[in-house]
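Each remark here refers to the structure printed beneath this line.
All values below come from the heavy atoms of this structure, side chains included, with hydrogens, waters and symmetry mates left out.
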Amino acid sequence: AKPLISQLGGECGQEALTALKSFKGDIKGDVAAALAEKLASGNDKPAIKDLMDLASARRMKNVAPTVFSMINSSDKEISKLATASLSNFTGVGDIAKVGGLLDAARDKDVIESYQGALESAIHTLSPAEQYSKVSGLMKAARNVANFYPVLASTGTDEAVADLAKAWNA
């Protein structure tokens, strides 16, 4: 896999990306290492984009810490790439972190990306657990409205009641 990974962002990058998306075997560690290396050098954005595409397509949760760090990058392109793809990397362990990002978000596109990431993080929980996690985040939030679509996605009677109460407030 390493020879294919080294081609990402280059002349044969798309062919390598296609091959890696269907590669049999565990390439998570190699992809994570390559992404960290490219981010450290900071000068190969095509390769970073291809590595993120690959990690997203294969839902490589092990890359989540790197993606979270990319969100705070001073490079707006890197930050935007991480924000837009975050939902492919989040799991139950990221609920609080994504909730904090969603609460702090102001831009519509960023809010929608974080809402998708939070929905992705809670999707393996039961509807009652989803409601509990989201409503808990909302109790501590300053921008509660950012959470309404995620709360609605839980599909619980409690969520409907909370949303009706907010609507009538």
Taking the side chain as every heavy atom from C-beta outward, state whether [X] and [Y] have any pair of such atoms under 4.5 Å apart.
X	Y	answer
Leu86	Asp94	no
Met70	Asp75	no
Phe68	Val98	yes
Glu77	Leu81	no
Phe89	Ser120	no
Ile122	Val150	yes
Tyr148	Met138	yes

Can a side-chain donor-acceptor contact be found between Glu129 and Ser126 if the only test is distance below 3.5 angstrom? yes
Looking just at side-chain N and O atoms, do Tyr131 and Asp162 make a donor-acceptor pair shorter than 3.5 Å? yes
Examine distances only and state if a side-chain atom of [X] and a backbone atom of [Y] form a donor-acceptor pair shorter than 3.5 Å.
X	Y	result
Thr18	Gln14	yes
Gln115	Asn146	yes
Arg58	Ile27	no
Gln130	Leu125	yes
Thr83	Ile71	no
Asn88	Arg59	no

Residues in side-chain hydrogen bond (donor to acceptor under 3.5 Å, both in side chains) with Lys38, at least two apart? Asp44
Taking all heavy atoms of [X] and all of [Y], pick out the closest pair and write down the distance.
X	Y	value
Gly29	Asn62	N-ND2, 4.2 Å
Ser73	Ser79	O-CB, 3.9 Å
Ala121	Gly91	CB-O, 3.4 Å
Ala145	Pro149	O-CD, 3.8 Å

Does Leu137 belong to the same Ile/Leu/Val/Met/Phe/Trp/Tyr cluster as Val160, with side-chain heavy atoms less than 4.5 Å apart forming each link? no
Quick one: [atom1] on [X] to [atom2] on [Y], what's the gap to the nearest 0.5 Å?
X	Y	atom1	atom2	answer
Leu163	Phe147	CG	CZ	13.0 Å
Leu151	Thr156	CG	OG1	6.5 Å
Glu37	Ile5	CD	CD1	10.5 Å
Leu17	Glu15	CG	CD	9.5 Å

Other residues, nucleotides and ligands only: do more than 12 of their heavy atoms fall within 6.0 Å of NZ on Lys61? yes
Walk me through it: do Leu118 and Lys133 pass the test side chain to side chain contact (heavy atoms under 4.5 Å, CB included)? CA-CA 10 Å; Leu118 185 54; Lys133 294 286 188 186; over 6 Å; no
Exercise answer: donor-acceptor pairs, residues 101-110 side-chain atoms, under 3.5 Å, sequence neighbours excluded:
unit_1: Asp103; atom_1: OD1; unit_2: Arg142; atom_2: N; d: 2.9
unit_1: Asp103; atom_1: OD1; unit_2: Asn143; atom_2: N; d: 2.7
unit_1: Asp103; atom_1: OD2; unit_2: Arg142; atom_2: N; d: 3.2
unit_1: Arg106; atom_1: NH1; unit_2: Asp103; atom_2: O; d: 3.3
unit_1: Arg106; atom_1: NH1; unit_2: Ala104; atom_2: O; d: 3.1
unit_1: Asp107; atom_1: OD2; unit_2: Asp109; atom_2: N; d: 3.3
unit_1: Asp107; atom_1: OD2; unit_2: Val110; atom_2: N; d: 3.3
unit_1: Lys108; atom_1: NZ; unit_2: Glu112; atom_2: OE2; d: 2.7

If we check side chain to side chain contact (heavy atoms under 4.5 Å, CB included) with Leu8, which of these qualifies: Leu20, Leu35, Val31? Leu20
Does the pair Val67 and Met52 meet the rule for a side chain to side chain contact (heavy atoms under 4.5 Å, CB included), with working shown? CA-CA 9 Å; Val67 176; Met52 286 292 291; 3.8 Å; yes
